[in-house]
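Have a look at the structure below before the remarks.
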Amino acid sequence: MLKFVSFFLLILLSTMGLNAQDLTKHQWKDRLILIIAEDENNEKFQQQLTQLQKHQKGLKDRKLVIYRILPKKYKIAFQDKNWKNSAQFYKKYKAEESDFRIILIGLDGGEKLDQTKVLSVEKLFNTIDSMPMRQAEMRKNR
């Protein structure tokens, strides 16, 4: 009986942490942009995606991975065709007083920028380019 309970707890804990691990797998490899909205037709959500899609080379140069997050699902923008079912990201990152939020997470896993209005690509790139790790990347690539 104890083995069964232990096994059940192990399965439960591993599935609970599954979604959280989706972001930690990027640590030290990718910067993340989380775009969170109450629904896919949110005007700010659509404006943000449109702006970012126009600058895919700059996103790639800065090792940016974009997550689109809605109340019951998420998708890695511009790549995944299918939404993944999960409410965990939305619950964790949604804005308290707004129907839209964008968060920049650095290579170290820390939040670097957080706002509830559309983020200009210029502000995004300037924020990243001023970070010490990005400065080192740019020196290395010269």
Side-chain angles (χ1 to χ4, degrees), residues 3-142:
K3 286 183 180 181
F4 175 75
V5 172
S6 297
F7 178 73
F8 178 74
L9 284 174
L10 181 64
I11 297 294
L12 182 65
L13 291 173
S14 67
T15 58
M16 286 174 61
L18 189 61
N19 289 326
Q21 291 175 357
D22 283 345
L23 295 186
T24 59
K25 72 181 178 186
H26 296 287
Q27 194 167 4
W28 304 116
K29 291 187 260 176
D30 304 306
R31 294 175 181 92
L32 303 179
I33 298 176
L34 309 182
I35 307 169
I36 304 109
E38 289 182 358
D39 76 59
E40 202 170 354
N41 298 317
N42 178 291
E43 187 176 336
K44 291 178 189 175
F45 185 78
Q46 291 300 322
Q47 287 175 356
Q48 191 67 71
L49 288 172
T50 300
Q51 275 198 30
L52 293 172
Q53 282 178 315
K54 293 177 185 176
H55 298 277
Q56 294 209 26
K57 183 181 183 318
L59 298 173
K60 184 177 180 183
D61 289 346
R62 289 166 181 85
K63 301 178 183 177
L64 281 162
V65 175
I66 299 163
Y67 276 76
R68 289 189 261 180
I69 300 171
L70 298 174
K72 294 183 180 180
K73 58 188 178 177
Y74 74 95
K75 171 190 288 201
I76 299 175
F78 317 135
Q79 295 175 5
D80 284 356
K81 301 289 183 216
N82 299 318
W83 288 91
K84 294 179 172 86
N85 293 324
S86 174
Q88 187 172 1
F89 288 145
Y90 186 80
K91 288 176 184 173
K92 182 173 182 178
Y93 294 108
K94 73 179 175 79
E96 293 296 320
E97 303 290 325
S98 179
D99 62 352
F100 174 83
R101 183 179 188 194
I102 184 164
I103 301 170
L104 170 63
I105 298 177
L107 291 173
D108 63 358
E111 288 186 18
K112 308 301 181 186
L113 191 142
D114 182 352
Q115 65 184 51
T116 56
K117 60 183 182 180
V118 175
L119 175 63
S120 72
V121 173
E122 294 78 20
K123 181 177 178 181
L124 172 64
F125 288 175
N126 287 338
T127 300
I128 293 169
D129 291 347
S130 68
M131 295 175 180
M133 292 182 84
R134 175 65 179 154
Q135 294 281 316
E137 290 170 4
M138 291 188 297
R139 283 192 298 275
K140 184 177 151 186
N141 292 332
R142 286 186 192 164

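Just the heavy atoms: all of them, side chains too, but no hydrogens, waters or symmetry mates, feed the values below.
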field: Side-chain donor/acceptor of Q135 to backbone N/O of D129, under 3.5 Å
entry: yes
message: Which heavy atom of K44 sits nearest to which heavy atom of T116, and what is that distance?
response: NZ-O, 3.2 Å
query: Do L52 and I35 touch side chain to side chain, with heavy atoms closer than 4.5 Å?
result: yes
task: Taking all heavy atoms of R101 and all of E111, pick out the closest pair and write down the distance.
output: NH2-OE1, 4.1 Å
- prompt: Sequence neighbours excluded, which residues qualify as salt bridge (Lys or Arg N to Asp or Glu O under 4.0 Å) partners of D108?
  reply: K112
- request: Please report the shortest heavy-atom distance between Q115 and V118, naming the atom on each side.
  value: NE2-O, 3.3 Å
task: Using a 4.5 Å cut-off on heavy atoms from C-beta on, say whether the side chain of Y90 contacts that of E38.
output: yes
query: Is there a side-chain contact between L124 and L59 (heavy atoms, below 4.5 Å)?
result: yes
Set of residues satisfying side chain to side chain donor-acceptor pair (under 3.5 Å) with respect to Y67, sequence neighbours excluded: H26
- request: Working to the nearest 0.5 Å, report the span between NZ of K29 and CG of L107.
  value: 11.5 Å
message: Could you report the tightest heavy-atom contact between Q51 and V121, atom names first, then the distance?
response: OE1-N, 3.4 Å
query: Heavy-atom count around Q53 CD within 6.0 Å, excluding the residue itself: above 12?
result: yes
- prompt: So do F45 and R68 actually touch side chain to side chain, heavy atoms under 4.5 Å?
  reply: yes
- line: Output for pair (L119 CG, D114 CG), nearest 0.5 Å, gives 10.5 Å
Side-chain donor or acceptor of R31 paired with backbone N/O of R62 under 3.5 Å: yes
message: Using only atom types and a distance under 3.5 Å, with no angle test, would you say the side chain of N42 pairs donor to acceptor with the backbone of D99?
response: yes
task: Examine distances only and state if a side-chain atom of Q46 and a backbone atom of E40 form a donor-acceptor pair shorter than 3.5 Å.
output: yes
query: Which value, rounded to the nearest 0.5 Å, describes the distance between L32 atom CG and L64 atom CG?
result: 8.0 Å
task: Supply the atom-to-atom distance W83 CH2 to K72 NZ, rounded to the nearest 0.5 angstrom.
output: 14.0 Å
message: Working to the nearest 0.5 angstrom, can you tell me the gap between I36 CD1 and F89 CZ?
response: 10.5 Å
message: Let me confirm one number: the CG-CZ distance from N126 to R134, rounded to the nearest 0.5 Å.
response: 11.5 Å
- request: Not counting sequence neighbours, which residues clear salt bridge (Lys or Arg N to Asp or Glu O under 4.0 Å) with K63? List them please.
  value: E137
- request: Using a 4.5 Å cut-off on heavy atoms from C-beta on, say whether the side chain of L34 contacts that of K92.
  value: no
Closest non-hydrogen atom pair between P71 and A37, with its separation: CD-O, 3.5 Å
